Structures are given as structure tokens and as C-alpha cells.
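Step one of this worksheet: look at the structure below.
Order of listing sets the numbers, starting from 1, for every ligand and every atom in it. It should be emphasised that the depicted structure is a prediction, and the values quoted were computed from it without experimental measurement.
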Amino acid sequence: MILGCIADDFTGATDLANTLTRRGMHTVQTIGIPQGAAPAADAVVVALKSRTIPAAEAVAQSLAACRWLKAHGARQIFFKYCSTFDSRDQGNIGPVADALLDELGSRFTIACPAFPENGRTIYLGHLFVGGDLLSDSSMRNHPLTPMRDANLVRVLGRQTPHKVGLVPYRTVKQGAPAIAGAFATLEAEGVRHAIVDAVEDRDLENIGAASSALPLITGGSGVAIGLPASYRMARLIPKREGAEPLARVGGPGVVLSGSCSAATLGQVERFAAMHPAIAIDPEALADKPEDTVSALLGWAREKLTSGPALIYASAPPEKVAAVQARFGREKAGEMIEHAIAALATGLAAEGVRRFVIAGGETSGAVVSALKVEALEIGPQIAPGVPACLSYGSPRYALALKSGNFGGPDFFAEALEALT
Ligand code: ADP
């Protein structure tokens with residue numbers, strides 16, 4: 001293993017595994033820390049569900065993953081979080097990055113969530129989502145991690161007692177040596193975390209090359225773009241093509257959506273216009289959880305005989321706010337994740353093997369409930385979202401989609417890709 005990765009959610013993990021695979025690294029994603037032997041791969045991405053849990057737990061899980069990866073040969077550690085820097089003032093990006101630095105005996109790392117292919121760019125430390133500042137994007141209304149400040153130096157500064165600095169675009173555009181020089185200067189000034197500007201893939205390639213000596217890199221999947229090339233240059237990995245097609249599992253396909261992100265809402269609307277679709281009613285769920293889930297399963301059983309179907313909790317911000325006001329933010333999220341996980345296991349028990357899941361936390365809940373331990377990464381469906389096939393038995397074909405990823409027809413495209 002060359003690169004050991006720790007991802008703070010499941011869709012983020014697949015996004016990173018997708019990037020590494022496409023650039024020629026043989027990558028395996030594991031769900032949590034593997035119990036058995038290390039998978040044979042150039043890179044292993046350990047998927048945690050640590051984005052919104054208490055910071056101390058996120059730190060403990062991330063440290064355990066780091067120790068496992070180091071013990072299995074990882075030369076470099078990558079802490080992956082969302083390209084919209086999803087976090088709260090109490091963490092968990094800052095506390096986890098600080099703990100990993102201590103664990104690795106290192107004093108400096110970068111923080112770079114840029115993902116230009118998906119419209120996430122950073123300029124003068126400010127994160128943009130498409131043409132909007134993060135704080136003006138739909139992320140300001142995220143159910144779990146509302147992002148209301150686009151200045152990442154400030155956002156990360158609230159999550160760590162250490163100094164946060166910036167490598168500005170004028171330095172980044174000068175290329176890898178200038179970026180590496182800026183890292184050295186910042187480290188000498190006592191900066192422990194450097195936000196690095198990036199607006200296009202070439203910037204990320206240069207940042208990747210400049211980061212090759214850092215024991216820890218933190219960021220979105222974009223900053224991993226440059227890593228395979230620098231490992232190849234160092235002759236650590238052979239030249240390889242991108243992803244291979246995955247084995248076929250067959251049978252009916254289901255879309256389960258617990259994401260309330262703007263892109264998902266559009267995808268739900270588009271898919272529901274042409275296919276059977278049913279909404280999960282949070283009130284009914286709170287009142288009679290088991291009856292509600294079994295009614296939804298009954299509905300799906302009938303619909304799946306003639307084609308794919310969608311079950312969704314996804315709702316616009318005002319509806320989410322009303323549900324949260326009634327049940328509490330965490331409770332509402334948990335209750336719905338629980339229900340979607342129960343739907344997935346119920347459907348799996350009836351033989352469904354092809355699942356498209358929308359939502360990072362939602363995907364985490366489903367994959368855990370299905371007892372998936374590791375994923376083989378296949379061809380990309382949309383930027384950041386590959387087709388995946390679980391190891392073990394039975395094998396599930398899965399598309400795990402982070403909230404704002406994918407075009408309007410993503411659900412239909414994903415079902416077609418999951419054979
Ligand atoms: P994303 O990838 O878009 O951030 P997640 O699955 O990570 O999606 O997070 C969405 C959260 O919102 C989950 O905890 C989910 O259970 C919760 N949720 C889904 N639908 C609703 C709803 N109608 N009301 C309140 N919360 C909801």
C-alpha cells in the first residue's frame with residue numbers, strides 16, 4: 001500500500017477512490033477498519049461515518065484508521081472530507097487533522113477541498129460552489145452542517161487552536177516548486193494548516209506534486225488528482241489504465257434518497273416524473289416506524305416487478321426545517337437514515353442487489369446495514385461517483401452519491417451503469 005486514506009463519510013470515500021482509480025491506482029474502499037487481512041491495493045480508502053459525530057469520537061476513529069493504514073505499509077496518509085468543507089465550529093475537520101498530525105509526528109499539512117470538475121474552487125481562501133460563495137450556496141441550508149462562512153481560513157481557524165495560513169493563487173499558479181516553497185515558509189512561521197487556493201485541475205496536479213513529501217494531506221478528492229502521477233514518477237506504482245468494468249449482478253434496481261441537497265431534489269423530481277416514486281412521511285415514521293417501513297416495502301415489491309422505483313425522504317429546506325423543529329436536527333436525521341437502512345435490508349432480503357443511494361450520511365447508514373465490508377471501484381457514472389461492487393456475498397452493485405453530485409438524470413444513468 002502506498003496511500004492510506006481516511007474518509008469522513010462513505011460517498012466521500014467512493015469519490016476519492018474513484019479519482020485514484022481513474023488515474024491508475026488500484027484502489028479498494030473498506031467500510032470502517034478492515035477486520036481481516038489488508039486488501040492488495042496501491043491505495044486503501046477507509047470509509048468512516050465521522051463527519052457529524054462528536055469530535056472526540058471522530059478523532060478516536062480516525063486515529064485507529066491511521067494506525068491500521070500505517071501498520072499495513074501506507075507511506076502517506078490522506079484525510080478526505082467534503083468539497084464543500086462540511087463541518088461545524090466544534091469540528092470535525094480541525095480536531096481530526098490535528099490528531100493525525102500528532103500521530104504522524106508532523107507539524108504541517110494542507111487543507112484543500114477544491115474540486116473544479118464539480119464547480120468547487122478556492123480563491124484567496126474563499127470556497128466557491130459554482131458561481132456562488134459557499135455561504136450563498138444551498139450548503140447554507142444543509143440539514144446537518146449548514147455552511148454560512150466561505151472563508152476557509154476563518155472556518156478552520158475556529159476548529160483548531162493552531163495557526164491556519166493560506167497559499168494564495170498567485171503562488172499556486174507558479175507551479176509545484178513555488179507551492180512547496182510556500183509550504184516550507186508557512187511551516188517555519190508556525191502555520192500548521194494551510195488552505196491552498198485552486199481553481200483548475202492543473203493547480204491540483206501541482207499541489208499534489210508539491211505535497212509528495214507531506215506525511216499527511218487533507219482535502220477533497222480533487223487534491224488527490226496529482227498523487228498517482230507523483231507516485232509513478234517515484235516508481236512506486238506501475239503504469240495502469242483506469243477502472244475495469246464490474247461483474248454483473250442483475251435483478252431489479254432501487255433508488256433510495258435521503259439527501260436534501262439542491263442537486264438531489266432536482267434528480268428526485270426528474271426521476272419521479274418517469275418512474276414510480278414514493279415519499280417517506282417523517283410524521284408517519286415517528287408515529288409508527290415499523291408499519292411505515294413495511295408499507296413502503298409492500299409498495300416497492302409491487303412496483304419493482306415492472307421496473308426501477310424510487311423511495312425518498314428528500315425535501316426542500318422549508319419542509320426539512322419543519323421536521324427538524326418538531327423532532328430535533330439529529331433525531332430527524334437519525335430516524336430517516338434508520339428507515340432508509342431498514343428499507344435497504346428489507347429489499348435485499350427480497351433479492352434486490354442494485355441500489356442507487358443519494359446522500360453521504362444516508363449511504364453510510366445503508367452500506368452498514370447491508371453489512372458491506374469493502375468495495376471494488378468501477379467506471380465513473382458522474383464526476384465523483386463511480387459504480388461500485390461490494391466484496392463478499394451477496395454482491396451488491398452500488399452507486400453512492402454525495403448530495404450535490406450528478407446531473408439531473410443521475411438516477412437513471414446510475415441504474416443503467418449498475419448492471
Ligand atoms: P447529503 O449528501 O445531501 O448531505 P446526507 O444523507 O449526508 O445527504 O444528509 C441528509 C440528512 O438529512 C440525513 O441525515 C437525512 O436522514 C436527513 N433528512 C432526509 N430527509 C429529511 C427530511 N425530510 N427532514 C429532515 N431531515 C431529513
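Counting atoms of ligand 1 from 1 in the listed order, those under 4.0 Å from a heavy atom of Ser261 are 1 (P), 3 (O). Under a 4.0 Å criterion applied to the non-hydrogen atoms of Pro143, ligand 1 contributes the atoms 12 (O). Those atoms of ligand 1 that come under 4.0 Å of a heavy atom in Thr362, given as number and element, are 6 (O). Within the listing of ligand 1, atoms 23 (N) sit less than 4.0 angstrom from a heavy atom of Ala315. Under a 4.0 Å criterion applied to the non-hydrogen atoms of Gly403, ligand 1 contributes the atoms 1 (P), 2 (O), 3 (O). Below 4.0 Å from some heavy atom of Glu361 lie the following atoms of ligand 1, by number and element: 5 (P), 6 (O), 7 (O). Residue Gly360 approaches ligand 1 through these ligand atoms, each under 4.0 Å from one of its heavy atoms: 1 (P), 2 (O), 5 (P), 6 (O), 7 (O), 8 (O).
Between Lys49 and Asp8, none of the side-chain N atoms (NZ, or NE/NH1/NH2) sits under 4.0 Å from a carboxylate O, so this pair counts as no salt bridge.
Protein heavy atom closest to atom 14 (O) of ligand 1, with residue, atom name and distance, is Glu337 OE2, 2.6 Å. In terms of protein heavy atoms, atom 8 (O) of ligand 1 is closest to Gly359 CA, 3.4 Å. The protein non-hydrogen atom at the shortest distance from atom 23 (N) of ligand 1 is Ala313 O, 3.0 Å. The nearest protein atom to atom 19 (C) of ligand 1, hydrogens excluded, is given as Gly258 O, 3.1 Å; this is a heavy-atom distance. With respect to atom 22 (C) of ligand 1, the closest heavy atom belonging to the protein is Ile336 CD1, 3.5 Å.
Residue-to-ligand polar distances place Gly333 within reach of ligand 1: an N/O pair is separated by less than 3.5 Å. Checking only distances, Glu334 never comes within under 3.5 Å of ligand 1, N or O to N or O.
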Give the C-alpha distance, both sets of side-chain angles, the deciding distance and a yes or no for side chain to side chain contact (heavy atoms under 4.5 Å, CB included) between Asn18 and Leu16. CA-CA 5 Å; Asn18 177 53; Leu16 175 60; over 6 Å; no
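Of the options Phe115, Phe85, Phe128, a side-chain contact (heavy atoms from CB on, under 4.5 Å) to Arg120 is made by Phe115 and by none of the others.
The aromatic rings of Phe271 and His275 lie parallel to each other, with less than 30° between the two planes, well short of the 60° mark. The aromatic rings of His193 and His162 lie tilted to each other, with the angle between the two planes from 30° to 60°.
With rounding to the nearest 0.5 angstrom, the CG atom of Asn151 is 9.5 Å from the OG atom of Ser135. Taken to the nearest 0.5 Å, the OG atom of Ser62 stands 12.0 Å off from the CG atom of Asp98.
Under a 3.5 Å cut-off, the side chain of Gln76 and the backbone N or O of Ser211 do form a donor-acceptor pair.
At least one heavy atom of Leu144 sits less than 4.0 Å from an atom of ligand 1. By the 4.0 Å heavy-atom criterion, His142 is counted among the residues contacting ligand 1.
Within a 6.0 Å radius of CZ in Arg75, no more than 12 heavy atoms belonging to other residues, nucleotides or ligands are found. When the shell of 6.0 Å around CD of Glu200 is examined, it contains more than 12 heavy atoms from other residues, nucleotides or ligands.
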